[in-house]
Amino acid sequence: MHEDDFIDVVTPEYSYIFNFEKSYSYLDTQNWLLNNLVFCFSCVIIYVIIIVGGMFYMLNKPKYNLKRPLALWYGVMALFSIIGFSRTAPELFFALGHRGLYYSVCIPSNYFQNPVSGFWTWALVLSKIVQLCDTMFIVLQKEQLKFLHLYRHLSVIPYFCFTYLGTTAAMRWFSVMEYFINSCMYSYYVLNAMKFKLPICFITMFNVMQIVQMIISYIITNMAYNQRSAYKLDCYITYETSVIGLTYYITSCYFYLKFCCSTYTSKKQKNKDIKIH
């Protein structure tokens, strides 16, 4: 595999490209991730140990007031996600507009011919390890730790690592959607942490957005693999990546739907109880 194999005469124009983006090399980051895959999975194991230990530690402790650190944390993650979206979305839109759907899901020029999109795709993969810190705020403030939260954090790291290692062209789709939804959610969380009164319907809207994200990602993954296996076309997605991806999106969609239904049902029952009393 070489960068010359993905020459693309049509690339999005950026008003400015930073030096750290220019120095991005997919093959270098791929090799680094391959050599440090054990470290990435170790982070998941350590995360579980710390969370379980933290919950036991906080059993007889008063909850911490972390509104300011939480607002700062969410603010940093929101800014990161907004920048990531603004740097990856142009490449996806150009690929769709100038080369079509097949190119956008099968040809990985986003890694080789566009260092801006490539760098921020790589940054997204690494950020999933950093985002594990989200859970510590929940534990230290003695808030309810939902299974969906844990599952999302635990499953997305191995999935994104294998997807990136497999030179999956459809990662351009996954990156843009992930950055967009994260930018919306973290922006909401930072305003909420700063005690701005926002409609609770935003939470429902975010859950719906994530369900739609899972459905679209499932379709894109399935489409990419069919291009390779059924139609025998060049499409950069491996069998292993497609199986992991389809499993991840099916299970995530199921848990999000279950969470939405249970939340809606509990709210409906609560309203009934209020009317009765």
Side-chain angles (χ1 to χ4, degrees), residues 47 51 54-55 58 63-86 88-89 124 127-157 159-160 173-219 248-275:
Y47 166 76
I51 295 307
M55 291 176 71
M58 292 299 296
K63 65 179 182 180
Y64 289 91
N65 184 3
L66 301 174
K67 291 295 183 181
R68 289 184 179 179
L70 189 61
L72 178 61
W73 171 256
Y74 285 151
V76 170
M77 297 310 299
L79 180 61
F80 168 78
S81 300
I82 292 169
I83 295 173
F85 175 75
S86 69
T88 54
L124 179 65
S127 72
K128 293 306 166 185
I129 298 176
V130 179
Q131 285 178 4
L132 294 176
C133 297
D134 287 352
T135 316
M136 285 306 302
F137 287 101
I138 296 176
V139 172
L140 293 175
Q141 294 185 121
K142 300 185 76 170
E143 297 176 350
Q144 182 183 4
L145 183 57
K146 297 180 177 64
F147 171 78
L148 179 59
H149 175 93
L150 282 175
Y151 180 79
R152 185 84 162 94
H153 279 300
L154 291 173
S155 59
V156 74
I157 292 176
Y159 170 58
F160 269 17
W173 280 85
F174 310 147
S175 299
V176 171
M177 287 189 289
E178 188 73 12
Y179 271 130
F180 175 73
I181 292 178
N182 282 351
S183 64
C184 294
M185 292 182 64
Y186 278 119
S187 296
Y188 172 84
Y189 291 149
V190 69
L191 291 174
N192 190 55
M194 295 171 67
K195 298 184 179 180
F196 282 91
K197 298 296 182 181
L198 298 172
I200 196 66
C201 64
F202 277 107
I203 297 296
T204 304
M205 182 182 69
F206 295 147
N207 287 329
V208 172
M209 287 169 60
Q210 287 172 312
I211 292 170
V212 173
Q213 176 193 12
M214 300 305 157
I215 294 173
I216 294 176
S217 298
Y218 175 88
I219 294 172
Y248 169 73
Y249 290 123
I250 290 173
T251 53
S252 295
C253 188
Y254 168 77
F255 289 130
Y256 275 115
L257 283 170
K258 186 177 180 180
F259 175 76
C260 284
C261 290
S262 62
T263 302
Y264 173 77
T265 303
S266 62
K267 285 182 179 179
K268 193 174 182 181
Q269 185 62 43
K270 187 176 180 180
N271 290 335
K272 280 185 178 180
D273 294 340
I274 292 173
K275 288 180 181 178

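We count residues from 1, following the sequence as given. Hydrogens, waters and symmetry mates are skipped; everything else that's a heavy atom, side chains included, is used.
Val190 and Gly75 make their closest contact through CG2-N, 3.8 Å (heavy atoms, listed as atom of the first residue, atom of the second, distance). Here the closest non-hydrogen pair linking Met177 and Ile216 is SD-CG2, 3.9 Å. For Ser175 against Leu124, the heavy-atom pair with the smallest separation is CA-CD2, 3.6 Å. The two atoms that bring Ala193 and Lys67 nearest to each other are O-CD, 4.0 Å, heavy atoms only. Summarising the geometry of Gln213 relative to Ile181, their closest heavy-atom pair is OE1-CD1, 3.2 Å, with the distance given to 0.1 Å. Across Asn207 and Phe259, no two heavy atoms sit closer than the pair ND2-CE2, 3.3 Å.
Counting non-hydrogen atoms of neighbouring residues, nucleotides and ligands closer than 6.0 angstrom, the CE atom of Met194 reaches no more than 12 such neighbours. Counting non-hydrogen atoms of other residues, nucleotides and ligands closer than 6.0 Å to CZ of Phe137 gives a total above 12.
Sorted by first and then second residue, the salt bridge (Lys or Arg N to Asp or Glu O under 4.0 Å) pairs with a member in residues 139-153 read Arg152-Glu178; sequence neighbours excluded. Applying the salt bridge (Lys or Arg N to Asp or Glu O under 4.0 Å) test to pairs two or more places apart or on separate chains, none has a residue in residues 190-212.
For Tyr188, there are no side chain to side chain donor-acceptor pair (under 3.5 Å) partners at least two apart in sequence or on another chain. The side chain to side chain donor-acceptor pair (under 3.5 Å) check on Tyr151 picks up Thr251, with sequence neighbours excluded. Looking at residues two or more places apart in sequence or on another chain, you find a side chain to side chain donor-acceptor pair (under 3.5 Å) between Thr135 and Tyr47, His149. Remark: Tyr74 engages no residue in a side chain to side chain donor-acceptor pair (under 3.5 Å) (not counting sequence neighbours).
Taking the side chain as every heavy atom from C-beta outward, Cys253 and Tyr218 never approach each other to under 4.5 Å. A 4.5 Å side-chain heavy-atom check between Asp134 and Tyr186 finds at least one atom pair inside the cut-off. The side-chain heavy atoms of Val156 and Gln131, taken from C-beta on, include no pair separated by under 4.5 Å.
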*Show the numbers, then the answer: is there a side-chain contact (heavy atoms from CB on, under 4.5 Å) between Ser127 and Phe80?*
CA-CA 9 Å; Ser127 72; Phe80 168 78; 3.6 Å; yes
_What verdict does the side-chain contact (heavy atoms from CB on, under 4.5 Å) test give for Tyr249 and Tyr159, after you've listed the backbone C-alpha separation in whole Å, the side-chain angles of each residue and the deciding distance to 0.1 Å?_
CA-CA 10 Å; Tyr249 290 123; Tyr159 170 58; 3.0 Å; yes
_CA sep, side-chain torsions, deciding dist, call: His153, Ile157, side-chain contact (heavy atoms from CB on, under 4.5 Å)_ = CA-CA 7 Å; His153 279 300; Ile157 292 176; over 6 Å; no
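Annotation: Phe174 is not in aromatic contact with Phe160 [ring centroid separation under 6.0 Å not met].
Considering OG1 of Thr88 and CH2 of Trp173, their distance stands at 12.5 Å, rounded to 0.5 Å. Ser252 contributes atom OG, which lies 12.0 Å from atom CD1 of Ile215 (distance to the nearest 0.5 angstrom). Atom CG of residue Asn192 and atom OG of residue Ser187 lie 12.5 Å apart, to the nearest 0.5 angstrom. The CE atom of Met209 lies 11.5 Å from the CE atom of Met214; values are rounded to the nearest 0.5 Å. Atom CG of Leu257 is separated from atom CD of Gln210 by 11.5 Å, given to the nearest 0.5 angstrom. A distance of 12.0 Å separates CG in Leu66 from CG in Leu72, rounded to the nearest 0.5 Å.
Ring planes of Phe147 and Phe255: perpendicular class, angle over 60° (limits at 30 and 60°).
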